[in-house]
Amino acid sequence: MTNSYQVNHDWERTARHIVKAKGVVLVIGSTDVGKSTFCRFLVDQGAAKGLKVAFVDADIGQSQIGPPTTIGLKVFHHSSASNPNDLYFVGSVSPDNHLLQCVTGTQLMVDAARKAGAEIVVIDTTGYVEGAAAVALKRQKIEIIQPDYLICIHRSSELNPIVAGFDGLSTIQIHHLSPHRDAASKSFEFRRKYRETRFAHYFADAVRERVNFDQIRGQRSHFFIGRGANTKEREILADFAGEDVLYAEWGHRSLSLVTPNMLSKLVQARVKSQYSLTSLVSETPMYFEQRLIGMLDNSMKTLSIGVLESVDFLSNELQILCKPNCASATKIVQFGQHKEKGN
C-alpha cells in the first residue's frame with residue numbers, strides 16, 4: 001500500500017508480534033489517531049514477509065478501499081493497488097442509523113477474507129467511538145468478529161467503555177497504543193473533499209445504463225418489493241387522492257406510491273382508511289433522484305455502486321450511473337441514504 005512510514009516504536013513491536021503469530025486484527029480509536037496508518041503499516045509488514053494479508057476497510061466515511069459508503073476488502077500478496085476484491089454497500093458516510101449494516105458488512109468481508117485464505121486480516125474502523133450507539137456498535141463488532149488482536153489507539157480513556165468487558169479474555173489480545181506521532185486533526189471540509197475525490201475516482205469510468213423494474217427487487221426501501229399497480233388501479237387511486245399517481249405497488253396491507261407532489265397527511269389518512277391499510281408510503285420522484293444505490297447480482301454479490309439519476313415511470317426504467325457491464329446482471333438494488341450532487 002505504501003512503504004514510507006515514521007511509526008512509533010510500540011507500533012513496530014506490535015506489528016512484528018502480529019506478523020509472526022498471524023490472525024485477525026481489529027483496530028479501533030477515535031478520529032485522527034492514525035488507525036488507517038497503522039492498518040497500512042501492518043498490511044505492508046505482513047505482505048513483505050510473503051504472507052497473504054487481507055485489508056477490510058470499514059471506515060465508510062474515509063474509505064481507502066472502494067468508494068465512501070462501502071466496506072471494502074482487498075487481499076494482498078505484496079504491496080499493490082487498492083482496487084477492491086469485494087464491496088458491501090452500507091449507503092451512508094456515517095454509521096449513525098446504520099449500525100446493523102456496519103456490523104453485517106464487516107463480518108461478511110471478514111468471512112470473504114478468510115475464505116480467500118488470508119493469513120492476516122486487518123480491519124480498519126471509523127472514529128465513531130463515543131455515545132451509547134457508538135459503544136454498542138464497536139462492542140458488537142468485537143463480539144461477532146472475535147478478533148485475535150484488538151488494537152486500541154487512544155489518547156486517554158475514551159475507549160474504556162468499549163473494551164472494558166473484554167479485558168482478561170484468553171481469546172483476544174488487547175494492545176493499547178499511543179496515536180501516531182504525526183497524527184493531526186482533519187477538518188470537516190478536508191473530509192468532505194476527500195469523499196468527493198474518492199467518489200470521482202470510483203465513477204471515472206462509469207456509464208449510464210437503464211434497468212427495467214421487472215428485472216430487480218428492492219432492498220432497504222418500500223419500492224420494488226410488492227406488486228405493481230396496473231393502469232386502472234392507478235387511475236382509481238389518482239381520483240381518490242386528487243393527484244396523478246405515477247407509480248404504485250401493493251404489499252401486505254400496504255401501499256407505496258409516487259405522485260408529482262407529496263400527499264397531505266389528510267389525504268394519506270383517507271387512502272389508508274379506504275383500503276384498510278396498515279402502512280402507506282407517499283413519495284415524489286425526488287426520493288429517487290441522485291440517490292446512491294448498491295447493485296447486486298443473484299448471488300448477493302455487489303457488482304457496482306451506482307447513482308440513481310432518474311426514474312422513467314412511463315417505461316418503468318431506472319437510469320443509473322454505474323460501472324460498465326453491471327446493469328444487465330443486476331437483480332437487487334439496495335437504496336442508500338446518501339445522495340450525490342447532480343452530474
salt_bridge(Lys22, Glu119) N-O dist < 4.0 Å: yes
Answer yes or no: is there a side-chain heavy-atom contact under 4.5 Å between Ile172 and Asp148? no
Strictly under 6.0 Å, is that where the ring centroids of His338 and Phe199 end up? yes
Answer yes if the side chains of Asp96 and Ser94 hold a donor-acceptor pair under 3.5 Å, and no otherwise. no
Is Arg270 close enough and on-axis enough to Phe240, meaning under 6.0 Å and within 45°, for cation-pi? yes
Using distance alone, with no hydrogens and no angle criterion, decide if Asp124 and Ser36 have a side-chain donor and acceptor under 3.5 Å apart. yes
Side chain proximity check, Val245 to Val258, heavy atoms < 4.5 angstrom: no
When the ring centroid of Phe223 is compared with that of Phe288, is the distance short of 6.0 Å? yes
Give a yes or no on this: more than 12 heavy atoms of other residues, nucleotides or ligands lie within 6.0 Å of atom NE2 of His222. no
Heavy-atom count around Asp297 CG within 6.0 Å, excluding the residue itself: above 12? yes
Could Arg291 and Tyr287 be counted as a cation-pi pair, given that NZ or CZ must be under 6.0 Å from the ring centre and within 45° of the axis? yes
Gap between atom CG of Leu177 and atom CG of Asp10 - 0.5 Å precision: 5.0 Å
Going by side-chain contact (heavy atoms from CB on, under 4.5 Å), Leu292 matches just one of Val307, Leu321, Thr70. Which one? Val307
Smallest separation among heavy atoms of Gly61 and Pro68, with atom names: O-CB, 4.2 Å
Within 6.0 Å of NZ in Lys193, more than 12 heavy atoms from elsewhere: no
Enter the distance from Asp32:CG to Ile153:CD1 here, rounded to the nearest 0.5 Å. 12.0 Å
Do Glu158 and Ser156 get their side chains close enough for a donor-acceptor pair, meaning under 3.5 Å? yes
Rounded distance (nearest 0.5 Å) linking atom CD1 of Ile332 with atom OG1 of Thr302: 9.5 Å
Treating Arg198 as the side-chain partner and Gly66 as the backbone partner, does any N or O pair qualify as donor plus acceptor under 3.5 Å? yes
Does the side chain of Ile145 reach to within under 4.5 Å of the side chain of Gln107, using non-hydrogen atoms? yes
One should read off an interatomic distance between Leu87 CG and Leu108 CG, to the nearest 0.5 angstrom, of 12.5 Å
Report the C-alpha separation of Arg40 and Gln64 in whole Å, then their side-chain angles, then the decisive distance to 0.1 Å, and conclude whether the side chain to side chain donor-acceptor pair (under 3.5 Å) test is met. CA-CA 10 Å; Arg40 293 196 303 269; Gln64 300 177 78; 3.0 Å; yes
Is the distance from the ring center of Phe41 to that of Trp11 below 6.0 Å? no
So, Gln173 versus His17: side-chain donor-acceptor pair below 3.5 Å or not? yes
Say whether Phe55 and Tyr194 are linked into one hydrophobic cluster, either directly or through other cluster members, by side-chain heavy-atom distances under 4.5 angstrom. no
Answer yes or no: is there a donor N or O on one side and an acceptor on the other, between the side chain of Asn8 and the main chain of Pro179, under 3.5 Å? yes
Counting only N and O atoms by type, is there a donor-acceptor contact under 3.5 Å from the side chain of Lys272 to the main-chain atoms of Leu280? no
If only atom types and distance count, is the side chain of Ser273 paired as donor or acceptor with the main-chain N or O of Ala269 below 3.5 Å? no
Test Val110 against every option in Ile123, Leu73, Ile71 by the side-chain contact (heavy atoms from CB on, under 4.5 Å) rule and name the one that passes. Ile123
Considering all heavy atoms of both residues, which atom of Ala118 and which atom of Val121 are nearest to each other, and what is their separation? CB-CG2, 4.0 Å
Tell me the closest heavy-atom pair linking Met295 and Ile320, and the distance in Å. SD-CG2, 3.8 Å
Does Leu308 belong to the same Ile/Leu/Val/Met/Phe/Trp/Tyr cluster as Tyr202, with side-chain heavy atoms less than 4.5 Å apart forming each link? no
Any Leu257 side-chain heavy atom under 4.5 Å of Ser282 side chain: yes
Is it the case that the side chain of Arg208 and the backbone of Gln319 share a donor-acceptor pair, with hydrogens and angles ignored and the cut-off at 3.5 Å? no
For Thr330 and Cys326, indicate whether the former's side chain and the latter's backbone hold a donor-acceptor pair under 3.5 Å. yes
Nearest heavy-atom neighbours spanning Arg139 and Phe166: O-CZ, 3.8 Å
Can you tell whether the side chains of Glu189 and Arg192 come within less than 4.0 Å, N to carboxylate O? yes
Side-chain donor or acceptor of Asn212 paired with backbone N/O of Asp214 under 3.5 Å: yes
How many angstroms lie between CG in Leu255 and CD in Gln274, if you round to the nearest 0.5 Å? 12.0 Å
Would Val93 and Val129 show up in the same hydrophobic cluster when neighbours are defined by side-chain heavy atoms closer than 4.5 Å? no
Do Ile293 and Ile305 make a side-chain contact, defined as non-hydrogen atoms from C-beta onward lying under 4.5 Å apart? no
Gln334-Gln219 side chain donor-acceptor pair, cut-off 3.5 Å: yes
Val211 vs Ile216 side-chain heavy atoms within contact, under 4.5 Å: yes
Nearest heavy atoms of Ala248 and Arg234, plus distance in Å: N-CD, 4.2 Å
Return yes if some donor-acceptor pair links the side-chain N/O of Lys323 with the main-chain N/O of Phe203 below 3.5 Å, else return no. no
Pair Asp312 + Arg210, salt bridge at N-O below 4.0 Å: yes
Counting only N and O atoms by type, is there a donor-acceptor contact under 3.5 Å from the side chain of Glu243 to the main-chain atoms of Leu263? no
Donor-acceptor pair, side chain of Thr284 and main chain of Met262, under 3.5 angstrom: no
Quick one: does Leu303's side chain get under 4.5 Å of Leu296's, heavy atoms only? no
May I ask you to decide whether Arg227 forms a salt bridge with Glu233, counting only side-chain N to carboxylate O separations under 4.0 Å? yes
For this output row, return yes or no: ring centroids of Phe213 and Tyr247 closer than 6.0 angstrom. yes
Where do Cys152 and His154 come nearest, in terms of heavy atoms and distance? O-CD2, 3.2 Å
Rounded to the nearest 0.5 Å, the CD1 atom of Ile142 sits from the NZ atom of Lys138 at a distance of 9.0 Å
Among the clusters formed by ILVMFWY side chains lying less than 4.5 Å apart, do Leu100 and Phe89 turn up in the same one? no
When you compare the side chain of Phe224 with that of Glu249, does any pair of heavy atoms fall below 4.5 Å? yes
Does Tyr88 have Lys301 sitting over its ring (NZ/CZ under 6.0 Å from centre, angle to axis within 45°)? no
